[in-house]
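Take a look at the structure below.
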Protein chains: 2
Amino acid sequence: MRIGELAARAGTTPRALRYYETRGLLPARRDAQGHRTYGEDDLRLLRQIHALQAFGFGLEETRPFVECLRAGHPTGDTCPASLDVYRSKLAELDACIAELNAVRETVRERLLLASASAAPEPRCELVPPQTDREETEPCSTPRPMSPR
Amino acid sequence: MRIGELAARAGTTPRALRYYETRGLLPARRDAQGHRTYGEDDLRLLRQIHALQAFGFGLEETRPFVECLRAGHPTGDTCPASLDVYRSKLAELDACIAELNAVRETVRERLLLASASAAPEPRCELVPPQTDREETEPCSTPRPMSPR
DNA sequence: CTAACCGTTGACGTCGGCGTCAACGCCAGC
DNA sequence: GCTGGCGTTGACGCCGACGTCAACGGTTAG
């Protein structure tokens, strides 16, 4: 299997696979023409990578999982190094969530205070809220649920 | 007041102020030597900018607040445009927090499942947890609480 | 023969908010 | 005159995960 086919089957692009290779994450054999050649196993590795990326894992963080799979384990998270990544990710998420909640509360307070003082006389105006709902792009840091 | 002094008083750098100017966020007058000149008002604008940045607001999002202040209002969030930013930020935060919570739960489940199957015999090993606490850098997207 | 299509490497662009460096100007003090 | 300190503009670097383009090569189908 060559790069185009693997990319299509994995739902990604040749460019991404080449990038992974430069990072040492997904090395490829070469055929007589110098073209990259992959096996079925590589498809599993790619699926692992994408599953973790969808959760906001960085490429480096997927490495233990990928190597774990390549070592022959049934799943990528069978190895201790992968569990460590899980744990540090959990801690990171907890810290992030706590911080965002704190910010959220502060912003909410400010909004209430400001909208109160901005309307000197609370006229109970019930303006129909929003006619159109814009898709506001959410959290991008661990950025899960990327388009495509 | 020139750029170095204002930067020092605002706790930022000349580079940042020049950048703001290129963005049209903080225009400056010039003296005979071509040096940027600022007034006391600009210090207030800068404080507003930094306060919002500490909450994870992007520079563009601070613009309504800054213009509100320049329009002579007592606070930056007196104007409707600023309130809109507050509201959209709240929505963004809510979406982000919800997403992160979902990811957190999934990761936690995975960790439990994997650590359970990784230890075929739950040997109740009570290894002393962590000897050193590494400062894991938290959420960077709305990235509040930046260093300095 | 030529076009279509797949592959290769290399380099630059993207996004935000500046940091850092280069090369220069102007003014004060010794 | 020389040094130090402040200012100016312009350009490149950073970080992550690629997208996009350029210029090239090899295989296959018409």
Side-chain angles (χ1 to χ4, degrees), chain A residues 1-38 46 48-63 66 89 92 137-148, chain B residues 1-38 46 48-63 66 89 92 137-148:
Chain A
M1 182 166 39
R2 290 186 302 177
I3 197 170
E5 186 182 348
L6 178 58
R9 288 223 272 161
T12 181
T13 68
R15 181 70 181 92
L17 303 191
R18 281 186 272 254
Y19 178 65
Y20 297 161
E21 186 172 350
T22 67
R23 308 273 77 193
L25 196 59
L26 189 72
R29 283 114 307 199
R30 300 300 182 110
D31 65 10
Q33 284 73 39
H35 293 173
R36 289 171 178 81
T37 305
Y38 302 91
L46 270 180
Q48 176 70 270
I49 291 173
H50 283 113
L52 293 174
Q53 279 190 321
F55 289 153
F57 286 59
L59 264 193
E60 279 310 313
E61 291 172 323
T62 72
R63 191 182 297 274
V66 174
K89 202 57 170 183
E92 192 182 326
E137 58 168 345
C139 191
S140 67
T141 296
R143 76 183 183 302
M145 316 298 280
S146 61
R148 302 192 59 220
Chain B
M1 182 169 33
R2 291 186 301 175
I3 197 172
E5 185 181 348
L6 178 59
R9 288 222 274 162
T12 182
T13 67
R15 181 69 180 92
L17 303 191
R18 280 186 272 251
Y19 178 65
Y20 298 160
E21 186 172 352
T22 67
R23 307 274 76 194
L25 196 61
L26 189 73
R29 284 113 305 201
R30 302 299 183 112
D31 64 12
Q33 285 72 38
H35 293 172
R36 276 167 256 256
T37 305
Y38 301 91
L46 270 180
Q48 177 71 270
I49 292 174
H50 284 112
L52 293 175
Q53 280 190 320
F55 289 153
F57 285 58
L59 265 191
E60 278 311 313
E61 291 172 324
T62 72
R63 192 181 297 272
V66 173
K89 202 60 173 180
E92 192 182 326
E137 57 169 345
C139 193
S140 68
T141 295
R143 72 182 186 303
M145 316 297 281
S146 61
R148 302 195 57 221

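It should be emphasised that the depicted structure is a prediction, and the values quoted were computed from it without experimental measurement. In what follows, every heavy atom counts, from backbone to side chain, and hydrogens, waters and symmetry copies are set aside. Convention: sequence-line order gives letters A, B, ...; per-chain numbering from 1.
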**Asked** How long is the line joining OH of B/Y20 and P of C/dG16, in whole Å?
**Response** 14 Å

**Message:** Rounded to whole Å, how long is the line connecting atom CG of A/D31 with atom C1' of D/dT27?
**Reply:** 12 Å

**Request:** Considering just the side-chain nitrogens and oxygens of B/R15, establish if one lies under 4.0 Å of OP1 or OP2 belonging to D/dA11.
**Result:** no

**Request:** Report yes if at least one side-chain N or O of A/Q33 is closer than 4.0 Å to OP1 or OP2 of D/dT27; otherwise report no.
**Result:** yes

**Message:** As a test of reading the structure: which of C/dG7, C/dC18, C/dT9 is closest to the side chain of B/Y19, going by heavy atoms?
**Reply:** C/dC18

**Request:** Report the C-alpha separation of B/E60 and B/R63 in whole Å, then their side-chain angles, then the decisive distance to 0.1 Å, and conclude whether the side-chain contact (heavy atoms from CB on, under 4.5 Å) test is met.
**Result:** CA-CA 5 Å; B/E60 278 311 313; B/R63 192 181 297 272; 2.7 Å; yes

**Prompt:** What's the shortest heavy-atom distance between A/L26 and A/Y38, and which atoms?
**Reply:** CD2-CE2, 4.1 Å

**Prompt:** Atom CG of A/L46 to atom C1' of D/dA17: distance rounded to whole Å?
**Reply:** 14 Å

**Asked** When only distance counts, do a donor and an acceptor, one from the side chain of A/R36 and one from the base of C/dT8, lie under 3.5 Å apart?
**Response** no

**Message:** How many whole angstroms separate atom CG of A/L17 from atom P of D/dA17?
**Reply:** 15 Å

**Item:** Axis deviation across the helix from C/dC1-D/dG30 to C/dC30-D/dG1, five-pair ends, to the nearest 10°
**Value:** 50°

**Spacing between B/L25 atom CG and C/dG16 atom P, to the nearest angstrom** = 14 Å

**Request:** Could you tell me which residues satisfy side-chain hydrogen bond (donor to acceptor under 3.5 Å, both in side chains) with A/R30, sequence neighbours excluded, listed by chain and number?
**Result:** none

**Prompt:** Are any of A/Q53's side-chain N or O atoms less than 4.0 Å away from OP1 or OP2 of D/dA17?
**Reply:** no

**Message:** Tell me whether the side-chain N/O atoms of A/T13 come closer than 4.0 Å to OP1 or OP2 in D/dC18.
**Reply:** no

**Asked** Is any side-chain nitrogen or oxygen of B/R18 closer than 4.0 Å to OP1 or OP2 of C/dC18?
**Response** no

**Request:** Write down the distance between CZ (A/R29) and P (C/dG7), rounded to a whole number of angstrom.
**Result:** 16 Å

Would you be so kind as to tabulate the donor-acceptor pairs closer than 3.5 Å made by side chains of residues 17-25 of chain B, with sequence neighbours excluded?
from: B/E21; atom 1: OE1; to: B/R36; atom 2: NH1; distance (Å): 2.7
from: B/T22; atom 1: OG1; to: B/Y19; atom 2: O; distance (Å): 2.6

**Request:** Indicate, yes or no, whether a donor-acceptor pair under 3.5 Å links the base of D/dG7 to the side chain of B/R2.
**Result:** no

**Prompt:** Atom CZ of A/R23 to atom P of D/dG16: distance rounded to whole Å?
**Reply:** 8 Å

